[in-house]
Q: 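Dropping a structure here in structure tokens format, bear with me for questions.
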Amino acid sequence: MRLNFYVKLLITLLFLNWLPAVHAHKVKLFATVIGDKIEGYVYFPGGERAQSVTVKITFIDNRLVETVTTNEHGEFQFHVKCRATYRLIADIGEGHFAEYIIDSNELSDSLPTLATEKQPAVSAPPAAMNQENQSFSQQQLIDLIEKSVSKQLKPLREQLEAYQEKIFIHDVLGGVGYIFGVMGLLFYIAKRRSH
Amino acid sequence: MHIADGVLSAPVLITGIALSIAGVGYGLQRLDYERIPQVAVLSSAFFVASLIHLPIGFSNIHLILNGLLGLILGWAAFPALAIALFLQAILFGFGGISSLGVNVFNMALPAILCFYLCHHAARRAQHESLQFLYGFLAGSLAIIFSTCLIALSLFLSGEGFIRLIQLMFLAHIPVMIVEGIITGFIIVFLQQVRPELLAAPVPSCD
């Protein structure tokens with residue numbers, strides 16, 4: 001009985017050994033919004049994609065919306081029905097999971113918001129908008145495009161900002177490390193000279 | 001306090017590099033085996049201190065600490081400052097690579113002057129207020145000297161000297177005060193906890 005368990009364990013381990021997921025120490029998830037679709041992929045640092053990984057899509061309060069599975073390229077997509085902040089979680093087990101937050105601001109304005117999801121009234125405006133479309137002056141159109149572009153760029157800018165902050169801290173620590181490295185070198189030279 | 005690339009003229013740059021190489025060489029030659037970690041710690045302190053900007057009224061300042069380095073390290077301040085300034089230049093673009101020699105010299109010479117002016121007195125001072133005073137003097141004098149040297153390097157490269165030095169002095173008055181106070185406190189603190197740091201056999205400088 002006991003032996004049986006160990007054999008099973010061994011076989012499982014051997015089998016798991018073939019999965020790239022086990023070799024990775026960390027998994028990452030990247031997602032973007034295109035219209036009303038969330039598209040993304042799950043990958044390991046270094047670039048390899050994670051296939052057949054279940055990605056849980058939940059609201060920010062952890063209510064499950066849907067689960068999707070990545071295809072052979074590690075990609076997944078999901079149609080959003082309402083405007084809300086989503087949390088995407090890819091769990092490959094063994095405590096390795098990746099999380100990505102899609103802010104409600106990134107999603108198209110035309111989608112109903114989470115609170116008003118059930119109100120049918122929301123579906124009316126698009127028709128009205130269509131009629132207006134023709135009467136847009138060039139200036140209005142330019143304004144609209146600029147507004148929408150800046151809206152799309154905002155999360156990117158924020159990410160970049162956070163990233164720069166991180167780089168700065170790494171550089172500071174790296175610099176201190178260099179100084180101590182030079183200290184070691186001086187010790188080495190001094191030691192050799194004294195011999 | 002860091003001069004960027006493309007501001008100084010070639011003769012100034014070359015003189016700065018030559019003087020800095022000489023200074024670093026002399027500093028390394030005088031560097032005791034036992035004092036290497038101390039140099040590294042103070043070099044890191046200088047490296048990090050310049051990156052922390054403190055908002056003060058209308059502008060923000062950052063600590064320089066070259067007075068403290070000079071006071072404790074003596075001639076070893078030259079290599080310590082050279083490494084820290086080099087890393088600041090390549091990692092953060094604080095000061096240019098070509099002007100590195102001038103920057104090192106402008107920081108290190110005041111440090112060494114402070115060492116000769118204040119080290120002996122700060123070491124011997126028994127009373128806390130006196131220790132603080134010498135620390136304060138070292139910290140603020142180093143800034144004054146550095147400001148003068150920077151103004152001089154700019155002047156030699158063809159800028160109007162008097163106006164420059166006025167501007168730089170005004171801008172650096174808060175730095176001088178803050179720097180002096182902090183160096184003063186550090187010296188008092190060191191005299192209490194690790195007096196041997198100051199009293200250590202400084203490589204044949206006395």
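Quick note on labels: first sequence line is chain A, next is B, and so on, each numbered from 1.
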Q: Name the region of B/Val41, side chain, backbone, both or neither, that has any atom closer than 4.5 Å to a heavy atom of chain A.
A: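 Both backbone and side chain of B/Val41 come within 4.5 Å of chain A.
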Q: Out of curiosity, B/Tyr33 OH to A/Ile189 CD1, how far, rounded to the nearest 0.5 Å?
A: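 Taking OH in B/Tyr33 and CD1 in A/Ile189, the distance rounds to 11.5 Å.
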Q: Grab the two heavy atoms, one from B/Ala40 and one from A/Met183, that are nearest each other, plus how far apart they are.
A: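 Answer, listing the atom of B/Ala40 first, then A/Met183: CB-SD, 3.5 Å.
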Q: Could you work out, with salt bridge (Lys or Arg N to Asp or Glu O under 4.0 Å) as the rule, every residue matching B/Glu128, not counting sequence neighbours?
A: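 Result, salt bridge (Lys or Arg N to Asp or Glu O under 4.0 Å) vs B/Glu128: none returned.
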Q: Most heavy-atom pairs under 4.5 angstrom with chain A, which of B/Leu28, B/Val39, B/Leu91?
A: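 Highest number of pairs under 4.5 Å: B/Leu91.
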Q: Check whether more than 12 heavy atoms from other residues, nucleotides or ligands sit under 6.0 Å from atom CZ of B/Phe189, and answer yes or no.
A: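 At most 12 heavy atoms, drawn from other residues, nucleotides or ligands, come within 6.0 Å of this atom.
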Q: Which atoms form the tightest heavy-atom contact between A/Gly175 and B/Leu87, and what is the distance?
A: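 Nearest pair, atom of A/Gly175 first, then B/Leu87: O-CD1, 3.4 Å.
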Q: Which members of residues 133-141 of chain B, sorted by number, sit under 4.5 angstrom from chain A on a heavy-atom basis?
A: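 Those residues of residues 133-141 of chain B which would need a heavy atom under 4.5 Å from chain A do not exist here.
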Q: More than 12 foreign heavy atoms under 6.0 Å from OH of A/Tyr100: is that the case here?
A: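 Result for OH/A/Tyr100: enclosed.
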Q: Taking everything shown except B/Phe86 itself, do over 12 heavy atoms lie less than 6.0 Å from its CZ?
A: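 Counting other residues, nucleotides and ligands, CZ of B/Phe86 stays at 12 neighbours or fewer.
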Q: More than 12 heavy atoms of other residues, nucleotides or ligands under 6.0 Å from OH of A/Tyr178: is that the case?
A: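 Incorrect, the count does not exceed 12.
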Q: What part of B/Ile90 gets within 4.5 angstrom of chain A, counting heavy atoms only: side chain, backbone, both, or neither?
A: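 No part of B/Ile90 comes within 4.5 Å of chain A.
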Q: Are A/Phe168 and B/Leu51 packed together at the side-chain level, in the sense that at least one heavy-atom pair is separated by less than 4.5 angstrom?
A: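 Result yes, sub-4.5 Å side-chain heavy-atom pair found.
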Q: Between CD1 of B/Ile36 and CG of A/Leu186, what distance do you get to the nearest 0.5 Å?
A: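 With rounding to 0.5 Å, CD1 (B/Ile36) is 5.0 Å from CG (A/Leu186).
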Q: Please classify the contact between A/Val172 and chain B as side chain, backbone, both or neither, with a heavy-atom cut-off of under 4.5 Å.
A: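 Both parts, backbone and side chain.
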